[in-house]
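The chains referred to below are lettered A, B, ... by the order of the sequence lines, with proteins before strands, and numbering in each begins at 1. Just so you know, these numbers come straight off a predicted model, no measurement behind them.
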Amino acid sequence: MSVASSWLGSTSWTFSFILDKVRRVTIVVFAVHYRTHTCGDLNKDAIGQHVTLAGWVNRRRDHGGLVFLDIRDRYGVTQIICDPERSAEAHRIASEVRSEYVVQISGTVVPRLAGTENPKLSTGAIEVAAEHIEILNPSRTTPFPISDTIQVDESLRLKYRYLDLRRPSMLENMVLRHRVVKAMRDYFDERGFLEIETPILMKSTPEGARDYLVPSRLYAGEFYALPQSPQQLKQLLMVAGLDRYFQIARCFRDEDQRSDRQPEFTQLDVEMAFVAEEDVMLLIEELLIFLIEKTTQKHIKQIPFPRLRFSDVMGRYGTDHPDLRFDLPLVEISDLARAGTFGVFQGALAANGIVKGIRVPGAGGYSRKEIEELTEFARMLGAKGLVSLAISAVGELKSPLIKFMSHDEVQAIIDHMQGEAGDLLLFVADSAKVCNDVLFRLRGKLAERLKLIDPNEMALCWVVDFPLLHFDEEGQRYEAEHNPFSGMDEAHIGRLDTDPLHIRARQYDIICNGYEIGGGSVRINVAEIQQKVFSLMKLDDEQIKEQFGHMLEAFEYGAPPHGGIALGVDRLVMLLANEDSIREVIAFPKTQSATDLMMGAPSPVEEKQLQELHLSIRPEEKK
RNA sequence: GGAGCCGUGGUGUAGUGGUCUAACAUGUCUGCCUGUCACGCAGAAGAUCGCGGGUUCGAAUCCCGUCGGUUCCGCCA
């Protein structure tokens, strides 16, 4: 610092940068050591000023006599011109620097020569004529180029994440994420919500995902658990009368990873007292519209968000988290498929299965090879095959069905599917689960193939009317569809004793572009009902008391009606950023095998640490 | 736990049984170059083809195993 200030002087300086599309933030710095402006700061207004910049060498263009340096920081890129006639010393150092060196440059802002302006840069009208260059820190050649133009192996990116984050697209994602979270905080603050932190060291519970455990030093053989979500605590905050709570909460689940699942992830957690479904849904709907409009150029397909019943979306899309950017509905034709003598259909129906199809508009001319490809895809997902029915442009039919069904019977199926000339109809005959599963994936694949997806569209919907419980054959017990605290339709409470599978939960999931980005419910606030739900989940009284006694007890001290929701922040930002993986919007993500390639976690610890924690490692499991 | 895909100079790719003594681009290094902005030109260095085993007269290439990354199934209240 002393080096810099010795030739800079130090009164007060300001620099400003663009925070988002409308706001420009100006920072006043009173003791400048390193820079007077950022690399995105300077324009024609600054011509003639003596400035100092600091940043990374983005690129060096050495013309021998004249050297250009592009200096990059978070805010932009500024071209430095190093002319030996202005400073032989600066020119000499400029020819020594390499990519990613950290340098400090002082000089005079000058207009670029007519015709050499660069419209691609916000600073492209000017350049800084270098008078002094200081190498603050050199850099080895980076293991991959700091550029968005090529795709680098992900393990390399993760090992050198601090370099990966220098790439403009990653920087953009981090900025976007900040803006989304900031907007969330503003939104809830304006509506009277309190942001309250809940513990990270919590208690393990038998329900739900596998816990990450933290051994206790003070209590041999006992463990804390990292929270899977602050679910119970936020409900207890409602019992406490805090009324409106939110938190940007880190959550942990020790389960296998996916492109949209990390071992630790962030939820926007919300809970409100004295609310029904509508209150929560309207609040969140307004929030999402606000976020999308504030942080992206994307348009929302339908406002208000459509509300779909669980049973309907399962039937129409084969999943409870449909991508509504395109239609391509699944259509059941079991009744029509009963006609004729087609073995594939008859066999599936005889085995209590169903026959379901999808209409692929304009695909009637697909070659045998193309259809075979789709069939192979369906087989991979568990179908025995695909039955195709192609309708040519002039209405001729091509299908194995023709041999086994009358013309009218085939036509009835086509009509039911709303098939037209030039279409391809594809059918799966199997159990309802396989049909839905296969056609759900096929639907997504076809939408891609037919280019039905507008990347600028956000198709949001609510899914409601979930069953409260489903029966787990393996464990021979009921399990909560959402979580064990979800409330239920008042008229169905009696069914807890008689017909648990037909209780409608007061649950709502929010879906965006085929991703479940959140879910919540109006909760149970009556100890007796909560106790019954636990019993159906095959917890005995002792377990209930040990694991959830605090909840039941709390409900006996005036628990208000309450409800809430949790949104997956990583997934939401991923969608806003047009990324395919949440790793792209997490600064330091873990790999699919839950390791941190940069830090090398997890890692063995000293024997002494294990002893303090009263732990020993089973020898056969040591690596 | 299971299945698929990927792994070749620093990086991204090509090469799918035989002059492969491994090619191309980019990066790196050296030299030249005063208006470039993916600067240009000339030259050089740089790879036992993730690792181990097998098949073969011969393996980057085929097979098995293993490691790493990734996608999906199971799992994720």
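In summary, of the residues considered (A:Q543, A:E479, A:E207), a side-chain contact (heavy atoms from CB on, under 4.5 Å) with A:M537 occurs for A:E207 alone.
Going from atom OG1 of A:T319 over to atom CD of A:E516 covers 9.5 Å, rounded to the nearest 0.5 Å. To the nearest 0.5 Å, atom CD of residue A:Q228 and atom CZ of residue A:R253 are 6.0 Å apart. Taking CD of A:Q547 as the start and CD of A:Q232 as the end, the distance is 9.0 Å to the nearest 0.5 Å.
Under the stacking definition used here (centres under 5.5 Å, planes under 30°), the residue A:H63 fails to qualify as stacked on the base of B:U36. In this structure, the aromatic ring of A:F68 is positioned over the six-membered ring of the base of B:U36, centres within 5.5 Å and planes within 30°.
For B:C39, one of the phosphate oxygens OP1 or OP2 lies less than 4.0 angstrom from a side-chain nitrogen or oxygen of A:R61. Taking 4.0 angstrom as the limit, A:R210 places none of its side-chain polar atoms (N or O) nearer than this to OP1 or OP2 of B:C76. OP1 or OP2 of B:U71 sits under 4.0 Å from a side-chain N or O of A:R583. Note on A:R441: a side-chain N or O is less than 4.0 Å away from OP1 or OP2 of B:C73.
Salt bridge status for A:K159 with A:E154: absent, with no side-chain N to carboxylate O gap under 4.0 Å. Using a 4.0 Å cut-off between charged side-chain N and carboxylate O, A:E372 and A:R379 make a salt bridge.
Using atom P as the reference point in both B:U66 and B:A60, the two lie 23 Å apart (nearest Å). The gap from the C1' atom of B:G18 to that of B:U26 amounts to 31 Å, rounded to the nearest Å. B:G15 and B:C76: their P atoms are spaced 42 Å apart (whole Å). Distance check on atom C1': B:C73 versus B:G12 gives 32 Å, rounded to whole Å. As rounded to the nearest Å, B:U11 and B:C49 have P atoms that lie 15 Å from one another. Rounded to a whole angstrom, the distance from the C1' atom of B:G46 to that of B:C29 is 10 Å. The same atom, C1', is picked in B:C41 and in B:C33; the two are 8 Å apart, to the nearest Å. Taking atom P on both B:G40 and B:G27, the two are 8 Å apart, rounded to the nearest angstrom.
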*Would you please test A:Q235 and A:H562 for side-chain hydrogen bond (donor to acceptor under 3.5 Å, both in side chains) and show each step?*
CA-CA 8 Å; A:Q235 289 190 241; A:H562 62 285; 3.0 Å; yes

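Nucleotide B:C24 has B:G12 as its partner under the Watson-Crick or G-U criteria, with both atom distances under 3.5 Å. Both distances falling under 3.5 Å, in either a Watson-Crick or a G-U wobble arrangement, place B:U70 opposite B:G4. Shown here, B:G65 forms a base pair with B:C51; the pair counts as Watson-Crick or G-U wobble because both key distances fall under 3.5 Å. Across all strands shown, B:C76 remains unpaired; no Watson-Crick or G-U wobble contact has both distances below 3.5 Å. Nucleotide B:U56 has no partner under the Watson-Crick or G-U criteria, as no pair reaches both atom distances under 3.5 Å. Base pairing analysis places B:C41 opposite B:G31; the two distances defining the Watson-Crick or G-U wobble pair are each below 3.5 Å.
Within 4.0 Å (heavy atoms only), A:R60 reaches no atom of the nucleic acid at all. Residue A:E85 is in base contact, counting any heavy-atom pair closer than 4.0 Å across all strands shown. At the heavy-atom level, A:D254 lies nowhere under 4.0 Å from the strands shown. Note on A:T591: only backbone sugar-phosphate atoms sit closer than 4.0 angstrom, heavy atoms only; bases stay farther off. Using a 4.0 Å heavy-atom distance criterion, A:T595 is classed as a sugar-phosphate-only contact. If you check every strand for non-hydrogen atoms under 4.0 Å, A:S486 touches nothing.
Distances from the side chain of A:T141 to the nucleotides B:G27, B:G69, B:U71 place B:G27 closest. The side chain of A:D153 lies closest to B:G12 when the candidates are B:A38, B:U34, B:G12. Checking B:G68, B:A38, B:U11 against the side-chain heavy atoms of A:S155 singles out B:G68 as nearest. Of the candidates B:C37, B:G68, B:C29, the closest approach to any side-chain atom of A:R98 belongs to B:C29. Here B:G69 is the nucleotide among B:C76, B:U11, B:G69 with the atom lying nearest to any side-chain atom of A:L597. Here B:C72 is the nucleotide among B:G68, B:C37, B:C72 with the atom lying nearest to any side-chain atom of A:Q592. Of the candidate nucleotides B:C75, B:U70, B:G12, B:C75 has the atom lying nearest to any side-chain atom of A:R258. Distances from the side chain of A:E255 to the nucleotides B:G10, B:U36, B:C76 place B:C76 closest. Nearest nucleotide to the A:I81 side chain, out of B:U34, B:G35, B:C72: B:G35. Closest to the side chain of A:E127, from the set B:U11, B:G35, B:A38, is B:G35.
Below the 3.5 angstrom threshold, one finds no donor paired with an acceptor across the side chain of A:D256 and the base of B:C75. Within 3.5 Å, a donor on the side chain of A:R261 pairs with an acceptor on the base of B:C75, or the reverse. Side-chain N/O atoms of A:R140 and base N/O atoms of B:G10 include no donor-acceptor pair closer than 3.5 Å. On a pure distance criterion of 3.5 Å, no polar donor-acceptor pair joins the side chain of A:R253 and the base of B:C75.
Around the CG atom of A:D580, the shell of radius 6.0 Å holds no more than 12 heavy atoms that belong to other residues, nucleotides or ligands.
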